[in-house]
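Structure, as structure tokens:
To find a chain, count down the sequence lines: A is the first, B the second, and so on, and within it residues start at 1. Keep in mind the model is a prediction, meaning the values are calculated, not measured. Note: hydrogens, waters and symmetry copies are ignored here, and every other heavy atom, side chains too, is used.
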Amino acid sequence: MKKIGVYICHCGGNISEVVDVKKVVAFAEKEADVALVRDHEHMCSETGQKLVMDDIAGHKLDKVVIAACSPQFQGPTFKATLEKAGLSPYVLEMANIREQCAWPHFDFPAEATEKAQGLARIAIAKARLDEPLTKKTFPIGKRVLVVGAGVAGIQASLDLADAGFDVHLVESKPSIGGKMLQLSRTFPTEDCAACILSPKMADVGANPNIHLWAYSEIEDIQGYLGNYKVTVRKKPTYVDPDKCTCCGECVDACPVAVPKELDEGLSTRKAIYLASPIAVPHSYVIDDKTCLGIFPLACGKCQDVCDPGAIDFDVYPESITFTVDTIVVGTGYEIFDATQKKVYGFGKYENVITALDMERMIVYASEGNPMRPMGKKIAFIQCVGSRDEQVKNEYCSRICCMYAVKLSQLVKRSDPKRDVYVFYTDLRAYGKGFEEYYKRGQAEGVKYIRGRPAELIEDPRTKKITLKVEDTLTRDIIESEFDLVVLSVGLRPHPGTERIANLLRLAKSPDGFLQEAHPKFRPVDTLTDGVFLAGTVQGPKDIPDTVAQASAASSRAIRLMNRGEYDVDPVMAFVHEASCDGCGLCVGQCPTNAISLASRGSNAGPSLSGKVAEINEALCKGCGSCIASCPKDALDLHCYTNDQLAEEIRAALAAKKGGDVRVLVFADDMTGYRLADNVGTAKMPYALDSRIIRVPSCCRITPKLMLQAFALGADGILLCESEAKSNPYPHSVSTIKSNLAKVKGILENEKIHRDRVRLVEFVTVMLGGFVKNINELSNFVRKLGPLSAEESGRLGQDMDKKLFG
Amino acid sequence: MIKKIAITSENVDFLEKISKLSDQVITKCDQCGTCSGSCPMVGEMDITPAQLMRMVLLGQEEVMDSKAMWICASCFACTVRCPRGLDVSRVAEALRQITLRQAVDHIDLNDIPDCEMKRLPQIALVSAGRKFTG
Amino acid sequence: MSPAKNDPRQKSKDSPETSPFSPGLKIPYFPGCTLKTTAKNFETSALAVAELLGIELVELPRWNCCGTVTSLTSDDLIHHVAPVRNLVRVEEMNDNGAVDEETRLVALCTMCFNVLKRSNLRVLEKPEELEKINNFMYLEKDYQGKVQVVHFLELLRDLGFAKVKEKVQKTLRGLKVAPYYGCLLLRPKEIGIDDPEDPTILSELLEALGAEPINNPFKTRCCGSYQTVRDRHAVAELTYDILGRARKEGAELVITSCPLCMFNLADRQKEVVEKHPGFEPMPVLYFTQLMALAFGLEENACGFDQNYVDARPLLKGKALIK
């Protein structure tokens with residue numbers, strides 16, 4: 001039935017300068033079931049879209065194929081176009097002839113045109129079997145978990161609570177406020193950090209929609225969007241905040257003194273303490289790790305002197321579970337451990353400190369209560385723990401230049417006789433008011449020397465620090481003594497982030513911070529539905545950027561929850577009941593326990609137990625992991641059915657000429673396909689004899705499909721999948737590996753090289769890795785030679801027997 | 001005297017030659033100066049290690065006239081500290097080898113006075129011979 | 001903070017071990033040229049203390065000069081032939097039973113250690129280069145890539161300094177010793193046996209011997225190496241700084257593991273004094289000489305008479321020798 005409309009986009013030259021669009025049009029016109037073929041300069045523009053809509057109405061098209069950019073780019077646009085025209089968005093197929101054709105193969109127009117025709121053939125083949133499905137809708141509530149109560153968590157909580165959502169804010173420290181609580185002043189305006197944060201903290205404490213779990217840890221999170229079951233472990237404080245009058249007698253009575261966290265260990269606190277003068281909750285806490293002993297009670301002096309009787313030792317950690325719909329992760333950062341940079345002697349030399357130490361020292365000094373003398377000659381060293389392959393932190397920590405600009409002028413201004421130097425490699429004053437603030441510091445006499453100090457040496461008697469550095473602008477070697485050296489330490493993800501990332505399967509960027517779903521268009525989303533990032537957990541940034549991101553994350557969460565329901569693509573498993581014999585092999589394969597055995601309704605069909613497999617669509621995530629386990633071909637996946645994949649594979653191999661090789665690449669949505677797009681966008685060329693087929697996850701590619709692919713003429717198969725630990729489908733990589741093992745075993749038995757089929761796990765930034773792997777496989781199979789007709793024939797025989805015995 | 005330089009294709013060739021011989025991506029050097037600050041011999045040199053890297057990056061063959069590469073002791077302090085992971089000692093070696101491979105030795109063992117020859121252990125003579133002769 | 005993947009200390013722990021130090025462990029040993037002549041006391045003292053520790057250092061038959069500085073260019077293979085030929089000897093020793101399944105090669109001279117290990121790693125990383133070298137040395141058996149080059153200090157660390165301490169007859173109490181590591185024991189990172197900025201292995205050894213290790217911030221600064229041939233005064237300045245700082249930190253003695261460092265730090269004190277008349281001579285010993293002293297061995301095992309700056313007056317003053 002000729003009802004498919006095919007559209008070839010020029011993309012303003014991006015495609016047409018390489019691919020001969022007319023030839024692709026001519027090709028498509030000859031394809032079966034194609035009603036019409038058009039080309040257009042910009043398919044995604046209003047006129048382009050109108051063209052499609054008019055044709056759908058005028059020609060009663062029931063399927064649409066658009067050969068243009070990546071479906072991950074304008075897919076949503078064209079899906080909306082179809083919906084406006086009254087068609088299901090799921091009868092749209094896109095042939096990626098830009099990111100995966102014209103762009104990477106820019107130097108080979110003839111081959112690129114041929115490949116574009118091939119990609120069109122594949123898309124048309126898939127479209128023929130598309131079903132007019134509709135979105136699935138599920139209910140969602142108004143409950144949010146915010147992890148971490150630094151400035152990011154505080155801002156996100158307030159935005160959500162004020163918008164009428166219920167917030168559970170979990171913070172591991174006794175007080176909220178995070179690192180900002182430790183700062184003296186903030187750049188570039190020199191606002192007092194604690195002063196501007198304190199009212200926000202008080203708001204959090206007072207907001208009826210925010211349930212604050214301070215001094216608590218996340219123990220576990222299970223579930224999914226709309227149904228996250230969170231278990232929080234509340235640590236006992238041993239002090240009842242309702243009875244406590246904050247008189248402080250307990251502190252005087254306590255015999256234990258330990259380093260004070262707020263002051264980076266530069267001062268002490270007692271085992272019973274108030275975390276900060278502006279702590280929220282404003283409540284004393286007994287740190288049972290440093291207290292002399294609670295069970296059994298070793299001391300108890302604090303309780304003796306407590307008049308209101310607020311201290312109670314008979315309390316225990318509690319585990320509480322609640323359910324939320326979405327999650328905002330704001331677990332923040334820790335500073336680089338400067339002891340790792342051994343050349344600077346931090347931890348050994350008393351006059352080498354970190355910038356955070358300096359913040360505390362300035363706070364105390366400005367209160368007229370200096371912690372220690374700062375001396376007259378002070379040096380700041382930039383990029384400590386950043387931009388440094390030797391400590392394996394290649395990235396720039398973004399804020400250190402500006403905080404050094406700030407600290408250096410604060411200490412200079414507090415004593416103009418001081419001689420203050422900043423040793424930098426680049427001075428990054430990129431933000432609003434930054435350059436002006438930097439100039440002010442220079443005008444006030446802070447000296448900036450361009451050079452990265454190689455080593456610091458302490459004079460054993462005076463404890464002064466000699467610093468050796470090349471002034472790269474004058475080519476002098478400066479060897480000079482300083483009273484105090486301040487290390488501008490970089491930022492690392494907070495250690496608490498690792499747990500949350502594992503619980504929620506959040507991907508990490510190569511720098512170790514949590515990865516956003518898309519670097520440009522989804523900077524606060526993650527690839528886990530309903531989980532958002534805010535603040536330095538996603539990467540180093542300053543306070544205004546953190547606050548902006550926190551508000552952005554709240555807005556994204558509200559967007560999901562506000563309608564009371566959310567939509568999901570119908571990419572879900574389904575059962576061909578006529579083929580299912582109720583063996584139940586699939587049940588244990590599903591990572592979200594979406595498959596169960598139910599009593600057979602009607603329909604004849606073989607059944608061992610009177611039961612048949614049933615899919616719970618609320619739980620099914622559409623990975624396709626179950627399909628390979630079914631010996632009866634009874635399991636299938638909507639939008640990527642077994643038949644569709646077989647047709648795509650057939651189409652991909654159709655134009656293979658004698659002597660050519662063809663490498664089939666299956667790329668998963670989350671990473672593989674995205675990575676292929678990134679490679680094309682970066683105009684990095686790769687083997688022309690490859691064809692990429694998109695799948696939700698490569699676990700969808702069953703051993704049978706792989707054998708079918710070889711039988712139809714594939715000479716090599718490459719599975720490109722997200723690496724296991726950040727793969728949104730748990731088990732997918734292990735499923736793929738077991739599928740692969742089966743296929744390799746069969747290849748070996750048939751005396752065919754087992755390395756013709758390979759798996760590579762990726763993260764989206766591994767552009768070079770993608771190119772290398774495709775090229776390697778292509779070269780490999782070219783050297784081996786294409787599979788002979790006899791060999792591929794053999795592979796296609798008795799597949800079920802070979803796979804299931 | 002301030003120098004004026006132009007950058008021609010010969011300069012680019014020189015950079016490529018040294019990059020290949022040293023197996024280092026010299027364009028990654030961002031002139032932080034850590035190598036110079038770490039070098040124990042920098043006080044004797046006429047140009048600093050970072051300056052040497054800069055001249056090689058710009059393909060300036062005059063770097064061959066400088067003494068710095070011959071004063072290098074191959075101690076690898078620069079290597080273990082370069083924040084960009086560059087091995088500066090290998091760049092110095094490549095520069096030395098350009099001269100040495102043209103059969104132009106940097107020392108003549110015959111020039112060493114007898115009293116020194118009596119003192120020097122073989123390890124010193126062998127290593128100096130390896131570094132300074134072709 | 002867990003150790004980094006390339007932490008040399010971890011590498012040594014993972015090295016293939018037979019029963020590590022059953023009495024009479026026989027292990028192939030590469031002496032190098034200088035240990036047979038001007039640094040004979042290094043070898044003598046090392047062999048003696050090794051024997052006491054149950055280690056028999058079996059000298060490599062027909063060993064050749066290692067070439068003592070590794071070739072740093074990407075295309076040079078000829079200068080890796082000599083080191084690889086020595087590695088072939090180790091495999092031969094295993095084949096003909098001179099040692100029993102022992103593919104480690106111990107070096108004492110740090111420069112030899114560095115060169116041998118560098119060449120070994122290079123050919124292991126680039127099998128096509130190994131093939132070329134093997135083809136070139138057509139009269140030799142092919143190098144199979146089985147050897148692991150270790151420094152004598154790594155052997156001691158694997159044994160455990162507690163075991164070293166057990167053998168101490170005469171605790172070196174009151175002796176303030178500054179370890180000097182130099183370059184090639186620690187750099188580059190893939191070759192080094194300890195952290196290049198903050199090594200501790202020699203301090204641990206000194207503590208086991210009962211001496212007081214003194215930290216010298218210049219302990220990893222190069223001694224000038226082969227520059228001693230070209231410009232001995234530049235080397236003398238380095239020596240002046242290194243030893244001067246050691247003295248300032250309170251050291252009375254410096255130990256080293258390399259004959260070239262020894263020459264530059266000890267013999268070149270002659271040039272130091274020429275330029276800085278007030279310079280107080282600093283005795284420099286090989287670490288094995290101190291071990292020999294602590295193990296109670298005879299003076300000819302310690303080899304003090306071969307050192308340029310005589311350490312004996314100091315040691316007598318500490319009642320460590322008569």
Is the shortest heavy-atom distance from the side chain of Pro40(B) to the side chain of Cys222(C) under 4.5 Å?
-> yes
Considering non-hydrogen atoms only, spot the tightest contact between Ser127(B) and Tyr226(C) and give its length.
-> OG-CB, 3.4 Å
Hey, which of Pro121(B), Ser38(B), Gly129(B), Ala94(B) has the most heavy atom pairs under 4.5 Å with chain C?
-> Pro121(B)
Check whether more than 12 heavy atoms from other residues, nucleotides or ligands sit under 6.0 Å from atom OH of Tyr240(C), and answer yes or no.
-> no
Gln227(C)/Phe132(B) under side-chain contact (heavy atoms from CB on, under 4.5 Å): CA gap, chis, key distance, verdict | CA-CA 10 Å; Gln227(C) 293 292 346; Phe132(B) 297 133; 3.6 Å; yes
Could you walk me through whether Cys109(C) and Ile123(B) pass side-chain contact (heavy atoms from CB on, under 4.5 Å), step by step?
-> CA-CA 10 Å; Cys109(C) 164; Ile123(B) 191 172; 3.8 Å; yes
Between Arg101(B) and Thr73(C), do the side chains contain an N or O donor and an N or O acceptor separated by less than 3.5 Å?
-> yes
Leu238(C) to Met41(B) - nearest heavy-atom pair and separation = CD1-SD, 3.5 Å
Start with the C-alpha gap between Ile71(B) and Arg230(C), add the side-chain angles, then the distance that decides, and say whether side-chain contact (heavy atoms from CB on, under 4.5 Å) holds.
-> CA-CA 9 Å; Ile71(B) 299 177; Arg230(C) 249 194 75 251; 4.2 Å; yes
Is there a side-chain contact between Lys131(B) and Leu72(C), using heavy atoms and a 4.5 Å cut-off?
-> yes
Max heavy-atom pairs within cutoff under 4.5 Å with chain C, candidates Cys72(B), Ser89(B), Cys39(B), Gly43(B), goes to Cys72(B)
For chain C, find which of His106(B), Arg130(B), Glu116(B), Glu44(B) contributes the most heavy-atom pairs closer than 4.5 angstrom.
-> Arg130(B)
Lys28(B), NZ: over 12 other non-hydrogen atoms inside 6.0 angstrom | yes
Greater than 12 external heavy atoms within 6.0 Å of Lys40(C)'s NZ = yes
Give a yes/no verdict on a cation-pi contact between Arg118(C) and Phe76(B), requiring under 6.0 Å between NZ or CZ and the six-membered ring centre and an angle within 45° of the axis.
-> yes
Who among Leu184(C), Val229(C), Thr38(C) has the most heavy-atom pairs with chain B under 4.5 Å?
-> Val229(C)
Side chain of Glu93(B), backbone of Ser71(C): donor and acceptor closer than 3.5 Å?
-> no
Would you say the side-chain atoms of Arg187(C) pair up with the backbone N or O of Cys75(B), donor to acceptor, closer than 3.5 Å?
-> yes
Please confirm whether the backbone N or O of Asp267(C) pairs with a side-chain atom of Arg119(B), one donor and one acceptor, at under 3.5 Å?
-> yes
Chain B: which of Asp76(C), Thr34(C), Thr37(C), Val115(C) shares the most heavy-atom pairs with it under 4.5 Å?
-> Thr34(C)
Okay, Cys65(C) and chain B: the region with an atom under 4.5 Å from a heavy atom over there is side chain
What part of Asp231(C) is in contact with chain B, defined as an atom under 4.5 angstrom from a non-hydrogen atom: side chain, backbone, both or neither?
-> side chain
Under a 4.5 Å heavy-atom cut-off, does chain B meet the side chain of Leu260(C), its backbone, both or neither?
-> both
Is chain C contacted by the side chain of Ile107(B), its backbone, both, or neither, given a heavy-atom distance below 4.5 Å?
-> side chain
Identify which part of Ile112(B) has an atom lying under 4.5 Å from any heavy atom of chain C, answering side chain, backbone, both or neither.
-> side chain
Gln122(B) portion near chain C, given a 4.5 angstrom heavy-atom threshold = both
For Ser74(C) and Lys20(B), indicate whether the former's side chain and the latter's backbone hold a donor-acceptor pair under 3.5 Å.
-> yes
